[in-house]
There are 2 protein chains.
Amino acid sequence: MPSSRPLRADARRNREALLSAARQAFLGGDTDTHVEDIARSAGVAVGTLYRHFETREALVEEVYRKEVDDLCTAPDDLLNRHAPDEALRRFLLLLVDHAAVGRGMSVALESIMATDSPVFDDARTRMGDALTRLLDAGSAAGTVRDDVSGPTLLRALGGVCALRATEGWLDEARQITTLILDGLRHGAPRAG
Amino acid sequence: MPSSRPLRADARRNREALLSAARQAFLGGDTDTHVEDIARSAGVAVGTLYRHFETREALVEEVYRKEVDDLCTAPDDLLNRHAPDEALRRFLLLLVDHAAVGRGMSVALESIMATDSPVFDDARTRMGDALTRLLDAGSAAGTVRDDVSGPTLLRALGGVCALRATEGWLDEARQITTLILDGLRHGAPRAG
DNA sequence: CCATAAGGTGAGTCTGATTCCGTTTACGTG
DNA sequence: CACGTAAACGGAATCAGACTCACCTTATGG
């Protein structure tokens, strides 16, 4: 089923056009753009959209996965350049800033972190792994507590990414991030 | 517009029936029950449902608001019985347990905490206030840091309530709660 | 060039929320 | 206890938006 033949030239072109139109719509913040509109602005008919993407959600997922993939390359770089707890701190703030770029990415992150939708399984796994790498490095260095897993931390961050568009949300997001980091620090006073 | 005349007897009866049918459906976990089904199981036609509730969402909100109101009476009791930081701890765990009762409440809390939907403005405000009371008491007693607001904490908890149905989610939820509490403790090492 | 399979089209279907108006009913009044 | 009337109700009709399918168009490899 996967990759039978290479796509025909026009098909590949249309697929790209669709993804690009969808990216523009979704990352621009308009998360509930109609499929018809996406198809139209890609210069194709809905039938074509559905030839390339199983459902509307599948298209959404494809767009967001690429964004998440980008983000997930960051931890390795950060770990090379910084102490583990600092790398962790920077990564979390990076998430916030990405969410800040536009409402769109925030919606993506939220969907990924705050739902169980199988549509985002893949992205969720990648993010979880990225966080796990950071946490492991930190606890190996003794600066981060070792009883929190990547996926759990991912869940904890869910709320941060739901803030878009509130007055003063960026500050609030940073504050929550800090709060979580403080809780993660090795030697934090533990709740009874 | 608000409270012109008292509702006619049959109207009040139907309204109650609708709310009760909706509560049963939503809190039972089936968050996307069709309006037709709710109306039917309340023994009423859709037209009647729409006479009482502007939209489907409005009905959802009404159901959830009541649950949230219940929950929001807890902090005062807890503050009477326990030291502020303990009261805070218990309240957060109470949230988790409420989410545990069934997926329904979890969905409610998630919607409330993790979105900006004006539909939940009211519930969100109440929860924010409840948390503020707890935080204020804690920081007055010097056991809780004073730079986190109720609404911010509410946001931070958003992820916790999105866990329902995952394998082992209850443990994960408790762990995240603990993590946040640790970050809140006065004297926690602060992130740089 | 042609055959033909891959790809595209868009009107039509389906599902579910919301509306609208004719009918029924509660209840204050004489 | 009728009766009039505003308030409620019912439910078929409408609307919205995702998704399908039977038929047409076009790359492409031989």
Side-chain angles (χ1 to χ4, degrees), chain A residues 1-26 28-64 107 111 115 117-120, chain B residues 1-26 28-64 107 111 115 117-120:
Chain A
M1 193 63 66
S3 72
S4 36
R5 304 289 108 162
L7 281 180
R8 223 168 73 173
D10 55 345
R12 180 165 47 261
R13 207 160 38 240
N14 285 338
R15 182 169 221 282
E16 288 314 313
L18 281 165
L19 277 172
S20 144
R23 159 175 283 105
Q24 183 142 348
F26 297 150
D30 188 2
T31 341
D32 39 357
T33 315
H34 305 326
V35 282
E36 298 263 10
D37 293 340
I38 295 172
R40 177 170 27 261
S41 74
V44 302
V46 275
T48 302
L49 188 154
Y50 280 97
R51 169 172 297 275
H52 289 287
F53 304 95
E54 200 75 20
T55 67
R56 185 183 181 287
E57 277 251 287
L59 173 57
V60 174
E61 198 255 345
E62 187 78 25
V63 167
Y64 287 165
V107 173
S111 306
T115 74
S117 162
V119 176
F120 294 109
Chain B
M1 194 62 65
S3 72
S4 35
R5 290 326 68 179
L7 280 181
R8 224 170 72 174
D10 55 345
R12 180 165 47 262
R13 208 161 37 240
N14 284 338
R15 182 168 220 284
E16 287 315 310
L18 281 164
L19 277 172
S20 144
R23 158 175 284 104
Q24 183 144 346
F26 296 150
D30 188 1
T31 339
D32 39 358
T33 315
H34 305 326
V35 281
E36 298 263 11
D37 293 340
I38 294 172
R40 178 172 23 261
S41 73
V44 131
V46 276
T48 301
L49 187 153
Y50 279 96
R51 165 168 300 271
H52 291 288
F53 305 95
E54 199 76 20
T55 66
R56 186 182 180 287
E57 277 250 288
L59 174 57
V60 174
E61 198 255 346
E62 187 77 22
V63 168
Y64 288 165
V107 173
S111 306
T115 73
S117 163
V119 178
F120 293 108

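For the numbers below, each heavy atom of this structure counts, side chains included, while hydrogens, waters and symmetry mates do not. Just so we're clear, the structure is a prediction, and the values are computed from it rather than from any experiment. Protein chains get the first letters and strands the later ones, always in sequence-line order, with residue 1 at the start of each.
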* Asked: What integer distance in Å separates B:Arg13:CZ from C:dC27:P?
  -> 8 Å
* **A:Glu62, CD atom: more than 12 neighbouring heavy atoms under 6.0 Å** => yes
* To do: Take atom NE2 of A:His34 and atom P of D:dC15, then tell me their distance rounded to the nearest Å.
  => 16 Å
* Asked: How far does the helix from C:dC1-D:dG30 to C:dG30-D:dC1 bend, going by the axes of its first and last five pairs, to the nearest 10°?
  -> 0°
* Asked: Can you tell if the side chain of B:Arg15 reaches within under 4.5 Å of the side chain of B:Leu18, non-hydrogen atoms only?
  -> no
* To do: Can you see which heavy atom on A:Leu49 is nearest to which on A:Val35, and at what distance?
  => CD1-O, 3.8 Å
* To do: Kindly say whether B:Thr33 contributes a backbone atom to a donor-acceptor pair with the side chain of B:Arg56 at under 3.5 angstrom?
  => yes
* Asked: Can you tell me if the side-chain N/O atoms of A:Tyr50 get under 4.0 Å from OP1 or OP2 in D:dC19?
  -> yes
* Asked: Which pair of heavy atoms, one from B:Phe26 and one from B:Ile38, lies closest together, and at what distance?
  -> CZ-CD1, 3.7 Å
* Closest heavy-atom pair and its distance - B:Ala21, B:Ser41 -> CB-OG, 3.5 Å
* Asked: Picking from D:dA18, D:dA8, C:dA17, which would you name as closest to the side chain of B:Arg56?
  -> C:dA17
* Charged N to carboxylate O under 4.0 angstrom, A:Arg13 versus A:Asp10? -> no
* Whole angstrom is fine here: how far is it from CZ in A:Phe53 over to P in D:dC19? => 13 Å
* Asked: Has A:Thr48 got a side-chain N or O lying under 4.0 Å from the OP1 or OP2 atom of C:dG7?
  -> no
* Sugar-phosphate only, base, or nothing, as touched by A:Val35 at under 4.0 Å among non-hydrogen atoms -> sugar-phosphate
* Structure fact -> Under a 4.0 Å heavy-atom cutoff, the residues of residues 14-22 of chain B touching DNA chain C are none
* Asked: Looking at CD of A:Glu61 and CD of A:Glu54, how far apart are the two atoms once the value is rounded to the nearest 0.5 Å?
  -> 12.0 Å
* Would you check, one step at a time, whether the test side chain to side chain contact (heavy atoms under 4.5 Å, CB included) holds for B:Asp30 with B:Asp32? => CA-CA 6 Å; B:Asp30 188 1; B:Asp32 39 358; 3.1 Å; yes
* Side-chain N or O of B:His52 less than 4.0 angstrom from OP1 or OP2 on D:dC9? -> yes
* **Distance, rounded to the nearest Å, where B:Glu54 contributes CD and C:dT18 contributes P** => 10 Å
* Hey, which sits more toward the 5' end of DNA chain D by its nearest nucleotide, B:Glu36 or B:Arg12? => B:Arg12
* In terms of side-chain heavy atoms of B:Asp10, which of D:dA8, C:dA17, D:dA12 is nearest? -> D:dA8
* Can you tell me the distance, in whole Å, between the CG atom of A:Leu59 and the C1' atom of D:dC19? => 14 Å
* Side chains of A:Leu19 and A:Leu59 in contact at under 4.5 Å (non-hydrogen atoms) -> yes
* Touch check for A:Val44, heavy atoms < 4.0 angstrom, all strands: base, sugar-phosphate only, or nothing? -> sugar-phosphate
* Where each residue is assigned the nucleotide of DNA chain C containing its nearest heavy atom, which of B:Arg51 and B:Ala9 is assigned the position nearer the 5′ end? -> B:Arg51
* Structure fact -> A:Leu49 atom CG is separated from C:dG7 atom P, nearest whole Å, by 15 Å
* To do: Can you check whether any acceptor in the base of C:dT25 is under 3.5 Å from a donor in the side chain of B:Arg8, or vice versa?
  => yes
